[in-house]
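Note sheet for the following structure.
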There are 2 protein chains.
Amino acid sequence: MRYSKEHKAETHERIVKQASVRLRERGAHGIGVADLMKEVGLTHGGFYAHFDSREALVIEAFNYAMDRGNERWRKIAEDTPPEKRLAALVDSYLTTTHRDDPGRGCAVPSLGAEIARESPKTRKAFAAKLERMIDMIAGQILDVPPRTARKQAMATLATMMGTVVMARIAGNGEFSDEILAAGRDAVLSRAAAKPAVKKARPKAH
Amino acid sequence: MRYSKEHKAETHERIVKQASVRLRERGAHGIGVADLMKEVGLTHGGFYAHFDSREALVIEAFNYAMDRGNERWRKIAEDTPPEKRLAALVDSYLTTTHRDDPGRGCAVPSLGAEIARESPKTRKAFAAKLERMIDMIAGQILDVPPRTARKQAMATLATMMGTVVMARIAGNGEFSDEILAAGRDAVLSRAAAKPAVKKARPKAH
DNA sequence: CTCATTGGATGTTTCCAGTCATATAATAAC
DNA sequence: GTTATTATATGACTGGAAACATCCAATGAG
């Protein structure tokens with residue numbers, strides 16, 4: 001082996017990471033191999049030493065983005081007492097920061113619709129990650145009986161993701177902020193209504 | 001005038017309609033001028049007699065799709081007694097049919113994320129239509145006091161749209177159906193919980 | 001010294017928005 | 001009813017952008 005053992009792995013990851021950012025920012029067809037490699041500080045000749053094809057990269061990048069999201073949620077669950085976890089999650093998800101920086105945010109609101117149109121292989125990989133997200137919410141975030149947890153997790157995710165999609169359409173002004181606030185209230189009040197947990201009424205900003 | 005008076009207007013609308021279907025099916029860059037015109041039974045030379053540019057068409061097609069959606073909702077409101085309107089809406093929106101046929105469905109779950117990346121002009125046109133949808137839900141569909149209607153309308157839409165996005169990622173199997181069902185329950189139970197003055201029945205877990 | 005990795009250059013293909021001279025078809029004028 | 005008029009449609013053409021993929025000389029780690 002020339003170059004250190006980890007060198008290639010590191011380069012590989014840098015490419016995947018940058019791709020995942022660009023894809024979330026610009027969509028599934030929003031960046032080409034050449035530009036991407038340039039952004040990573042390489043030239044695009046070496047690309048095919050790392051990936052069989054562009055699609056292989058895209059799948060990896062999707063997975064990477066989803067994994068980072070799940071990782072983030074896991075940390076929230078870890079660092080927060082059970083009854084406050086949902087509020088903590090919503091506070092990190094339904095923010096202007098997340099809305100305005102899709103590149104570092106959740107992949108579903110940015111790429112969901114496009115994923116649904118990709119090849120079955122790509123779509124299924126994404127669906128598996130989505131199911132992991134649901135499990136995570138149901139098991140680690142929501143403070144409700146397991147009986148209803150899965151269903152409620154799905155609805156919670158749907159509301160959060162739909163809110164981000166709508167807020168991004170609305171831009172970044174007052175109207176958009178209003179949408180974010182409505183989503184927050186909806187998620188938290190639904191949770192408050194179901195178990196005996198109380199309040200958590202965030203002030204709209 | 002040669003050709004009948006309405007001829008051009010009709011052709012124009014056929015183009016817009018077909019474009020709106022294809023865009024929802026394949027995404028904002030999913031079809032080119034030439035293919036589109038062919039699908040309408042024309043050649044692509046004449047395109048620029050109808051539209052200044054491709055973008056102008058895209059904006060019209062977006063508007064068309066949104067208008068059709070609003071129209072559909074208006075009819076539901078018209079044909080249904082107030083207390084059943086939301087259920088009727090959800091029953092038409094969160095169906096496998098809608099999930100599996102984006103081309104004829106709501107434009108937000110199919111195009112929302114891509115719209116958010118388009119030019120400000122395009123995005124703002126879409127945002128205006130989104131606001132109309134919210135007004136429609138708040139004023140004609142929800143059976144709640146005006147005070148909270150707008151906020152609740154936003155949340156209701158977010159949940160419905162997010163549910164469709166997730167369900168499409170999940171494909172069309174059992175998992176996907178489960179997501180649809182969860183979305184339905186969430187929208188309807190929230191509506192049932194709110195008008196009742198306070199938090200009804202806190203059932204301890 | 002050796003050779004895997006890198007990166008600059010290049011090939012080739014595909015595709016697409018937009019233009020224009022020409023042909024066609026329907027109405028208005030006579 | 002015939003002709004003149006003109007809006008609409010045709011289809012080939014353009015110029016260029018962008019994309020994926022491959023090759024090979026140079027590099028630098030071991």
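Letters A, B, ... mirror the listed sequences (proteins, then strands); counts begin at 1.
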Length of the [atom1]-[atom2] vector between [X] and [N], whole Å:
| X | N | atom1 | atom2 | value |
| --- | --- | --- | --- | --- |
| B:Lys38 | C:dC16 | NZ | P | 11 Å |
| A:Phe47 | D:dC23 | CZ | P | 17 Å |
| B:His12 | D:dA9 | NE2 | P | 12 Å |
| B:Glu10 | D:dT8 | CD | P | 12 Å |

Salt bridge check: are B:Glu78 and B:Arg74 linked by an N-O gap of less than 4.0 Å? yes
Taking salt bridge (Lys or Arg N to Asp or Glu O under 4.0 Å) as the definition, give me every residue that meets it alongside [X], ordered by chain and number, with sequence neighbours left out.
| X | answer |
| --- | --- |
| A:Arg150 | A:Glu131, A:Asp135, B:Glu178 |
| B:Glu83 | none |
| A:Glu174 | none |
| B:Glu13 | none |

Quick test of your reading: applying side chain to side chain donor-acceptor pair (under 3.5 Å), list the pairs with at least one residue in residues 96-113 of chain B, sequence neighbours left out, ordered by first then second residue.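 Passing the test, one end in residues 96-113 of chain B: B:Arg99-B:Ser176, B:Arg99-B:Asp177.
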What pairs meet the side chain to side chain donor-acceptor pair (under 3.5 Å) rule with one or both residues in residues 35-44 of chain B, with sequence neighbours excluded?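 Checked against side chain to side chain donor-acceptor pair (under 3.5 Å) - neighbours excluded - the pairs reaching residues 35-44 of chain B are B:Gln18-B:Glu39, B:Arg22-B:Glu39.
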May I have all residue pairs that pass salt bridge (Lys or Arg N to Asp or Glu O under 4.0 Å) and include part of residues 105-117 of chain B, sequence neighbours excluded?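 Checked against salt bridge (Lys or Arg N to Asp or Glu O under 4.0 Å) - neighbours excluded - the pairs reaching residues 105-117 of chain B are A:Glu114-B:Arg117, A:Arg117-B:Glu114.
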CZ-CG distance between B:Phe62 and B:Asp67, expressed to the nearest 0.5 angstrom: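 Reported to 0.5 Å precision, the distance equals 13.5 Å.
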Contact list for DNA chain C against residues 49-61 of chain A - heavy-atom distance below 4.0 Å: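 Hits under 4.0 Å, by residue number: A:His50.
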My understanding is that only residues two or more places apart in sequence, or in another chain, count here; which of them pass side-chain hydrogen bond (donor to acceptor under 3.5 Å, both in side chains) with A:Thr156?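 For A:Thr156, no residue satisfies side-chain hydrogen bond (donor to acceptor under 3.5 Å, both in side chains) once neighbours in sequence are set aside.
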Shorter than 3.5 Å, N or O on both sides, protein versus nucleotides 8-13 of chain C: list them out with atom names.
from  : atom 1 : to      : atom 2 : distance (Å)
C:dG8 : N7     : A:Thr43 : OG1    : 3.4

N/O (side chain, A:Thr11) to phosphate O (OP1/OP2, C:dT6) under 4.0 Å: yes
Ring pair (Phe, Tyr, Trp, His ring centres under 6.0 Å) partners of A:His29, counting only residues at least two apart: none
Counting only heavy atoms and a strict 4.0 angstrom limit, can you tell me which residues of residues 28-37 of chain A come near DNA chain D? A:Gly32, A:Val33
